[in-house]
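Inspection log for the structure reproduced underneath, given as structure tokens.
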Amino acid sequence: MGVDLGALCVKREAKLSDFSGRVVAIDAFNTLYQFLSTIRQPDGTPLKDHLGRITSHLAGLLYRTVNIIEAGVRPVYVFDGKPHPLKAGTLEGRRAAKEKALIEWNEALEAGDLERAKSKAQATSRLTGEMVGQSKELLSALGLPHIQAPGEGEAQAVHLVRRGDACACASQDFDAMLFGAPLLLRNIAIGGKRKLPGKNAYADVEPEVISLEETLLSLGITREQLVDAAILIGTDFNTGIRGIGPKKALKMIIGNGSLESAMPAIEGDEKYREHLNGISDYGEIRRIFLNPDVTDDYSLEWGAVNEGRAVDMLCGEFHFSKERIVKAVERFSDLKKRSGQKSLFEF
DNA sequence: CAGTATGA
DNA sequence: TCATACTGG
């Protein structure tokens, strides 16, 4: 998902509790996809209820959110709206990749290769409208706000930060930086360990904060130039130019000042000339990132936890273990008692 | 992913 | 007590 700007960013290790008392705008789709991808059995099967409905997203959302709350952070989940027409190619590409992964998942299962099966299964993850609705319902039961973005969720999350309603965005995608997020939180999981794509090796993955200002300063460019570089590399809205990665893109933008000034050099290069259609819409893509479709029509209200509603939904409707869910939901209530407040989130 | 059981 | 393995739905 998104552009990989990892190599260009100034990162700093962080703890979730560094953001204690602050509002963090979380990219809901990105988070839910993460859960759908990782919360699976060794053979790749996701968690399902008695009716065969996938529940991985709900399990992940509940436990992740409890941990965020326990760190004193006030989460607001921001959901994607309508995708921009230029994203159609990316979405079609993902759909095709999922179809292929589904076949390969079954092949791996037949071959008895569990590791490959799980990895292929993860690539089949689909977030449905029903799952989105269920996730919103769970958040409401937990007394947490969620916001519906008109377009890209990340753009709306950044908008919250720019209006002073949140202090940072949380997402695994780097797109938030292109939208202008001053601070981007990545890896806000509790575990800190993640399986490496290689094999049985585990690497520590600590939460990290990326500062847009420090990144731009270290690169010696403006955000507009970062967006231009991203367009060359390729974004969700364009394929970019084959053969140009972060390093060459940056060099071209720094050397020429802007994408249009770099065009003669690109058009004059045989290698790149045939891929010009990959950046043909660059004016519109700039607009998507620099002047995104966002709304001020939202409210951020943290209410009390409705234990009964959360338990009814997860245990009654989806057959989660009552013991586990009650314990998790009570962690919200315990926090309230300790802080002596009616609601943890009252100002 | 996160909780829980296990066992050194 | 802590790292590792397994389970959850």
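Per chain, numbering begins at 1; letters A, B, ... match sequence-line order.
For the pair A:Phe35 CZ and B:dA2 C1', the computed distance is 9 Å after rounding to whole Å. Remark: C1' of B:dA2 and CD1 of A:Ile68 are 12 Å apart, rounded to the nearest angstrom. If you take CD of A:Glu323 and C1' of B:dT4, they are 10 Å apart, rounded to a whole angstrom. Between A:Ile26 atom CD1 and B:dC1 atom P the separation is 15 Å, expressed in whole Å. What separates NZ of A:Lys327 from P of B:dA2 is a distance of 17 Å, to the nearest Å. If you measure from atom CZ of A:Phe320 to atom C1' of B:dA2, you get 12 Å, rounded to the nearest angstrom. Protein atom CD1 of A:Ile325 is 13 Å distant from nucleotide atom C1' of C:dT7, rounded to whole Å. Atom CD1 in A:Ile54 sits about 18 Å away from atom P in B:dC1, given to the nearest Å.
Under 3.5 Å, the side chains of A:Asn291 and A:Arg286 contain no donor-acceptor pair of N or O atoms. Using a 3.5 Å distance cut-off with no hydrogens or angles, the side chains of A:Asp43 and A:Thr45 do pair a donor with an acceptor.
The stretch residues 232-284 of chain A participates, sequence neighbours left out, in these ring pair (Phe, Tyr, Trp, His ring centres under 6.0 Å) pairs: A:Phe237-A:Phe289. Within the structure, ring pair (Phe, Tyr, Trp, His ring centres under 6.0 Å) contacts touching residues 119-168 of chain A (residues at least two apart or in different chains) are A:Phe79-A:His146. The ring pair (Phe, Tyr, Trp, His ring centres under 6.0 Å) pairs that include a residue from residues 7-66 of chain A are A:His50-A:His319, where partners are two or more places apart or lie in different chains.
Looking at residues two or more places apart in sequence or on another chain, you find a side chain to side chain contact (heavy atoms under 4.5 Å, CB included) between A:Lys15 and A:Ser17, A:Asp18. The side chain to side chain donor-acceptor pair (under 3.5 Å) check on A:Arg287 picks up A:Glu284, with sequence neighbours excluded.
Within 4.0 Å of A:Ser56, counting heavy atoms only, lies no atom of the nucleic acid at all.
Taking side-chain N and O atoms only, A:Arg331 has no distance below 4.0 Å to OP1 or OP2 of B:dA2. Note on A:Lys48: every side-chain N or O is 4.0 Å or more away from OP1 and OP2 of C:dG8.
A heavy atom closer than 4.0 Å to some atom of DNA chain C occurs in A:Ile39, A:Arg40, A:Gln41, these being the qualifying members of residues 37-45 of chain A.
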